[in-house]
Amino acid sequence: MMNMQNLMKQAQKMQKQMEAKQNELASTTFTGKSAQDLVVAELTGDKKVVSLNFAEAVVDPEDIETLQDMTIQAINDALNQIDEATKKSLGAFAGKLPF
């Protein structure tokens, strides 16, 4: 059985590694796209929207609903990518917990 001092050292090391991974994720840009790339959303790993780009073909004043749907689709695509990257990056730490 591990002594308390070794356990604390291991926990501190893991905390530093997790913080480094979180910072790495936060500084990564994820690009989400709608169907046919008509709307492209860029988000950072900490889920901040950096940019939204609309293809001219999708900007129709008579059909705002399609633009809204595609914008939601692009943002959700980027958010899903962030969630997957977070699970991959930080989920590894769950199996390493010493308790």
Side-chain angles (χ1 to χ4, degrees):
M1 189 167 197
M2 287 188 182
N3 69 35
M4 190 56 117
Q5 188 175 13
N6 284 342
L7 187 61
M8 291 301 293
K9 283 182 184 179
Q10 190 175 2
Q12 288 173 342
K13 180 181 175 185
M14 284 180 53
Q15 182 179 4
K16 286 180 185 178
Q17 290 173 335
M18 284 180 64
E19 287 172 0
K21 287 289 186 184
Q22 287 172 327
N23 289 336
E24 183 181 320
L25 277 170
S27 65
T28 302
T29 300
F30 294 85
T31 303
K33 299 177 180 182
S34 70
Q36 302 172 358
D37 299 346
L38 294 173
V39 177
V40 178
E42 288 187 359
L43 282 76
T44 58
D46 56 354
K47 300 182 179 182
K48 305 281 191 272
V49 177
V50 176
S51 70
L52 282 172
N53 295 303
F54 304 101
E56 281 187 37
V58 77
V59 181
D60 179 359
E62 301 297 319
D63 187 13
I64 296 297
E65 202 170 282
T66 298
L67 178 59
Q68 291 169 333
D69 290 343
M70 289 186 155
T71 302
I72 290 167
Q73 184 181 21
I75 291 171
N76 285 335
D77 182 39
L79 289 171
N80 286 334
Q81 291 176 41
I82 293 167
D83 289 343
E84 286 300 313
T86 300
K87 283 180 197 172
K88 262 187 197 173
S89 189
L90 299 178
F93 288 100
K96 295 180 183 177
L97 294 175
F99 43 87

Seminar exercise, completed: Here the gap from T86 atom OG1 to Q22 atom CD, rounded to the nearest 0.5 Å, amounts to 8.5 Å

Problem set entry | Nearest heavy atoms of K21 and S89, plus distance in Å | CD-OG, 3.2 Å

Exercise. Can you list the residues that meet the side chain to side chain contact (heavy atoms under 4.5 Å, CB included) rule with Q15, with sequence neighbours excluded?
Worked result: E19

Exercise. Is it the case that one hydrophobic cluster holds both V49 and V58, taking links as side-chain heavy atoms less than 4.5 Å apart, direct or via other members?
Worked result: yes

Exercise. Taking only residues two or more places apart in sequence or in another chain, which ones pass side-chain hydrogen bond (donor to acceptor under 3.5 Å, both in side chains) with Q73?
Worked result: none

Exercise. Got a sec, which residues hit side chain to side chain contact (heavy atoms under 4.5 Å, CB included) with A85, two or more places apart in sequence or on another chain?
Worked result: L25, F30

Exercise. Within a strict 4.5 Å, meaning less than it, do heavy atoms of the L79 and N76 side chains meet?
Worked result: yes

For this session: Any pair with a residue in residues 42-64 that passes salt bridge (Lys or Arg N to Asp or Glu O under 4.0 Å), sequence neighbours left out, goes on the list, sorted by first then second residue, please.
Result: K47-D83

Exercise. Looking at residues at least two apart in the chain, or sitting in another chain, which of them share a side chain to side chain contact (heavy atoms under 4.5 Å, CB included) with T71?
Worked result: V39, L52, F54, L67, I75

Seminar exercise, completed: Heavy atoms of T44 and A26 approach each other most closely as CB-O, 3.5 Å

Exercise. Can you name the side chain to side chain contact (heavy atoms under 4.5 Å, CB included) partners of Q5, sequence neighbours left out?
Worked result: N3, K9

Exercise. Excluding sequence neighbours, so at least two apart, what forms salt bridge (charged side-chain N to carboxylate O under 4.0 Å, His left out) with K13?
Worked result: none

Seminar exercise, completed: Closest non-hydrogen contact found for A41 with A78 is O-CB, 4.3 Å

Problem set entry | side chain to side chain donor-acceptor pair (under 3.5 Å) contacts touching residues 28-41 (sequence neighbours left out) | none

Problem set entry | Rounded distance (nearest 0.5 Å) linking atom CG of D77 with atom CD1 of I72 | 13.5 Å

For this session: Apply salt bridge (charged side-chain N to carboxylate O under 4.0 Å, His left out) to E24 and list each qualifying residue two or more places apart in sequence or on a separate chain.
Result: none

